[in-house]
Every structure is written in structure tokens, then in C-alpha cells.
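Below you'll find the structure, written out as C-alpha cells, and then a few comments.
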Protein chains: 2
Amino acid sequence: MQESIWNAIHADEPPATTPFASNCPSRVVLDHVTSKWGVLVVVALSRRSMRWGELHRYVEGISEKMLAQTLRLLEGDGFVLRESQGTVPPRVDYSLTERGRELGELLIPLVQWVSDTVARTDQPLRASA
Amino acid sequence: MQESIWNAIHADEPPATTPFASNCPSRVVLDHVTSKWGVLVVVALSRRSMRWGELHRYVEGISEKMLAQTLRLLEGDGFVLRESQGTVPPRVDYSLTERGRELGELLIPLVQWVSDTVARTDQPLRASA
DNA sequence: CCACTAGCTTACCGAAAAGTGGGTACCCGC
DNA sequence: GCGGGTACCCACTTTTCGGTAAGCTAGTGG
């Protein structure tokens, strides 16, 4: 176990093990999981595994390219499991790994909260774009 | 209160109140708070308010432009409070609003978990870039 | 009196992300 | 044999992101 990021916040210079340090590898993964589509894909797969086409229809507005790219990225990071049945027509199932499920449990409250907060706000949340 | 995003996941078509729908306004805010620098700034401000220069030094690698842009965005979304004492040389304090603090409590576990997971992983987490 | 500081803003430009349109392979139903 | 469905990949273009550099204000140290 490593230091809490709270310790980092106390210090003037953050330790290299937290994403506040520019050379920390966690920044890369953090970028992946907080990417525009990455969040939605992980949350979508949190409930149940889905096929390619299902995901594409479900995460509205994502292009095929971005879906493929996002899935490959998340697979590379060990969050998503890709299972291709060798059948024709092709059928590929995507699901979360154990690590992906852990991530989902952190992302779901975030998405839920943002969604709720925006919906609840009477005055527009943003003054400018 | 609105529907849980879980209901959305059960349905074939997600309701317009969740970020799965392409026209949902929460997508915009979600993009802000999950942006590369947005996450780090909110988490940094979660512990204590900071001045411009402090933040700039603390969130390593962020350019002045990006810091200003991120802060303006988060201020527009109501997450960050900007207090400029009219003194010269200028002194500006940034802190989280109540809403910002709520957000921080969701982001901290995420950052912590990613940081821990990456640090704990022996084999490289990502197969490809 | 000149440089230096803090906290920005704006203009400019290259890089990277993301959208578009096409193609592929294979089989099925008509 | 033609079109449609599935799950992609590749090339091209557009859009956005993000970094560099300069400028601005006003007081302060040398």
C-alpha cells in the first residue's frame, strides 16, 4: 500500500507516486478512465456485458472508430474483457474484468451525481461555454 | 430526484436524463469534471484553498493557459470559487464551493484507486499505448 | 530607472483527438 | 446474385486541445 494522496496535498511538492507529479504513470491510466467515452463505456458494462452493436447503440453518439479505440484501450489497461466467439456472422462480447468492476463502482456514483446535479439545477449550471 | 442510471441500463434506449443520451446536458459537465486537468485541480483544492501560483506549482506540468481555462470552466460550473483581493501584486484565492466539495469526495477515491492500482501492478498495466 | 513579481489574457501554431466515408469477410434470406 | 447484418479497419479531414510567447498592471528591490 502506498501513501494516501492526502499526504501529497499536505506537502509542497507532491510525491512521484501520485498523479500530481508529471512523471507519474498513473496519469496515463487516469486519462484513459476519465476520457469522454471511457467513463460511459465502463459504466454501461457495469450492469451487464454487451455485444459490440449493443454498446454502439447504447452509448449514443459514439462513432465506430471511437468505440473500437476505447474498447481496445480499456482492454489494454485490463478493465475490459473481449470474448470473440468465432462464429459467422461475428459475435463479440465485452464485459468488465474484476479490476473493471472495481473501477465501475467508483465511476457510477460520479456519473449518477453529475447527472442528478445537472438535472436538479434550475439556473443553468454554466455561465459560459 | 430522477431515475437511477441503473434503470437506464436495463432499457434498450437510455432516457434523456442520463449521459448515455447524446443530447443530455450532463455530458458537458461530465466532460469538464473528468477532463485531464479538471480532476487534478478539484482534488488539489479538496484539501485546502490555494492561490494561483500554488496550484500552478502543485499540479505539475499544467501550463498557465490550461490552468486559467480549467479554473474558469470549473468556476462557470459552480464548482470553484474565485476570490480576488484587489491588491497589487495581485492575490487570488481559489476554493471549492459546496458543490465542488461534493464532487471532490467522489473524485478522491477514484484518483486514489487508480494511483494505488497502477503502483501495485507488477506487469505493465497497458499492453499498448 | 530598470527589472522583477503575480495573475492573468490574447494570438499563434503544431499535435492530437475525433468524425467521415469507404472497404473487408462471411453467411443468410429473398 | 443482391442486399443486409455483424464487427470491425484504414485513410482522410476537421475540430479541438494544449503549449509558447508576448503583453498588461502596478508596486517593490537593486
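Lettering follows sequence order; numbering is per chain, from 1. All values below were derived from every heavy atom in this structure, side-chain atoms included, with hydrogens, water molecules and symmetry-related copies excluded.
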Inset, instruction - Write down the distance between NE2 (H56(B)) and C1' (dG18(D)), rounded to a whole number of angstrom. - result: 13 Å
Inset, instruction - Answer yes or no: is there a donor N or O on one side and an acceptor on the other, between the side chain of E60(A) and the main chain of S22(B), under 3.5 Å? - result: yes
Legend entry - T97(B) (side chain) donor-acceptor with L81(B) (main chain) under 3.5 angstrom: no
Inset, instruction - Answer whether the closest heavy-atom distance between the side chains of Q85(A) and E83(A) falls below 4.5 Å. - result: yes
Legend entry - Main-chain N/O of T34(B) paired to T34(A) side chain as donor or acceptor, under 3.5 Å: yes
Legend entry - side-chain N/O R91(B) vs dT5(C) OP1/OP2, d < 4.0 Å: no
Inset, instruction - Not counting sequence neighbours, which residues clear salt bridge (Lys or Arg N to Asp or Glu O under 4.0 Å) with R51(A)? List them please. - result: none
Inset, instruction - Could you state the atom-to-atom distance from CG of D93(A) to P of dC8(D) in whole Å? - result: 10 Å
Inset, instruction - Check the distance between dC9(D)'s P and W52(A)'s CH2 and give it to me in whole angstrom. - result: 7 Å
Legend entry - Ionic contact status for E98(B) with R101(B), cut-off 4.0 Å: yes
Legend entry - Protein-to-nucleotide contact annotation, 5' to 3' order, nucleotides 13-30 of chain C [B base; S sugar-phosphate only; - none; under 4.0 Å, heavy atom]: -----BBB-----SS---
Inset, instruction - Five pairs at each end of the helix from dC1(C)-dG30(D) to dC30(C)-dG1(D): take the axis at both ends and give me the angle between them to 10°. - result: 20°
Inset, instruction - Tell me whether the OP1 or OP2 atom of dC9(D) has a side-chain N or O from R72(A) closer than 4.0 Å. - result: yes
Inset, instruction - Answer whether the closest heavy-atom distance between the side chains of L40(B) and L30(A) falls below 4.5 Å. - result: yes
Inset, instruction - Would you indicate whether the side-chain heavy atoms of M50(A) and L45(A) approach each other to under 4.5 Å? - result: yes
